[in-house]
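Take a look at the structure set out below.
Protein chains get the first letters and strands the later ones, always in sequence-line order, with residue 1 at the start of each.
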Amino acid sequence: MSVGILGTKLGMTQVFDEAGKAIPVTVVQAGPCTVTQVKTAELDGYSAVQVGFGEVTEKALSKPELGHLKKSEASPLRHLKEYRLDSSGDYQLGQQIKADMFTPGQEVDVIGTSIGRGFAGYQKRHNFKRGPMAHGSKNHRLPGSTGAGTTPGRVYPGKRMAGRLGGKRITVKKLTIVRVDGDRNLLLIKGAIPGKPGALVNIVPAKQVGNAN
Amino acid sequence: MKAQEIIRSIESEQLKTDLPIIHVGDTVKVGVVIQEGGKERVQPYEGTVIAMRNGGINETITVRRIFQGVGVERVFLLHSPRVANIKVLRRGKARRAKLYYLRDRVGKATRLKQRFDRPL
């Protein structure tokens, strides 16, 4: 229950730590985000902060969208995202949220859309084994049996088959922030994050699962 | 700034500028920083460069030597702070980019002809 930041994935590289180890990092252009709406329990029934990210030209947005952003005197923004909070009293309309809200060493969850792979077959989608490619075999990338015969007389639901792969909302949990560049609003996050360079990602402080003790 | 420029600027902070020009076939001496009981020291490693990989900050060389009758190959990340120094001892003549054929050879057959047209 804390405010995160929206950003654009820029790509991956590696940096060396004090011990000289190479650490794979993803570079994210995080923010600056503008608070476009503050929701309170009295007015809206719950507390939350809505932030906007991604400047666009005025003509890219509709009049209702521009009217909503006018209340916070924000420039036209492409993406709006709401973060629920216990209390939203600390935030004011038009406030800037920048990358320096994070500190190196902090753990974050990164939410994004994975790379879409279209209609993918059994091997790519479910890691099935392949049949022999030669020696007279005609079973190359087929699924094999999908179940028993007359009993039950149907394929059980949930049977892994070919279909759409990727392009889904993915959360990668507990990634470490390696470096924060406050001037350029850059975050260096250890490891890979969903999507291609240019993809929109949502970075939030890592969610505590279970009891802290 | 474009995404690639930003990534390059992050990498450029860590790129070494004083690396010698290394070619495949050269004999090099690499100073490797190792930690021993809380103390750091530089250990030299000498051998023939049998492969190179150019990848900006991920540039590596593979150095092969015969140690106590056993072939040893080490891959060095050239821009890593663990690689303290590199010195080219001898320029070798190689007709291909990867000298993996040296793995199948022993003794005198692993020698490479020296070339003198490249400065050390």
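In this structure, K129(A) has no side chain to side chain contact (heavy atoms under 4.5 Å, CB included) partners at least two apart in sequence or on a different chain. Checked against side chain to side chain contact (heavy atoms under 4.5 Å, CB included), R125(A) has the following partners two or more places apart in sequence or in another chain: A120(A), L165(A).
Annotation: residues 15-27 of chain A contacts chain B through V15(A), F16(A), A19(A), G20(A), K21(A), A22(A), V27(A) [non-hydrogen atoms, separation under 4.5 Å]. Residues of residues 113-120 of chain B never come within less than 4.5 angstrom of chain A, heavy atom to heavy atom.
Summarising the local packing, NZ of K16(B) is surrounded by more than 12 heavy atoms from other residues, nucleotides or ligands at distances under 6.0 Å. Heavy atoms from other residues, nucleotides or ligands lying under 6.0 Å from NZ of K98(B) number more than 12. In this structure, Q123(A) places its CD atom where more than 12 heavy-atom neighbours from other residues, nucleotides or ligands lie under 6.0 Å away. Residue-environment remark: CZ (R103(B)) exceeds the threshold of 12 foreign heavy atoms within 6.0 Å.
The CG atom of L10(A) sits 12.5 Å away from atom NZ of K2(B), with the distance rounded to the nearest 0.5 Å. In this structure, CZ in R184(A) is found 6.5 Å from CD1 in I6(B), a value given to the nearest 0.5 Å.
The candidate with the highest count of non-hydrogen atom pairs below 4.5 Å against chain A, out of H79(B), E40(B), R82(B), is R82(B).
No side-chain donor-acceptor contact under 3.5 Å links T13(A) and R8(B).
In this structure, chain A has heavy atoms under 4.5 Å from both the backbone and the side chain of I57(B). Interface remark: E13(B) contributes side-chain atoms only to the contact with chain A (heavy atom separation under 4.5 Å).
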I10(B) vs D181(A), side-chain contact (heavy atoms from CB on, under 4.5 Å): CA-CA, chis, key distance, verdict = CA-CA 10 Å; I10(B) 292 168; D181(A) 189 334; over 6 Å; no
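Counting heavy atoms from C-beta on, the side chains of Q14(A) and L77(B) come closer than 4.5 Å.
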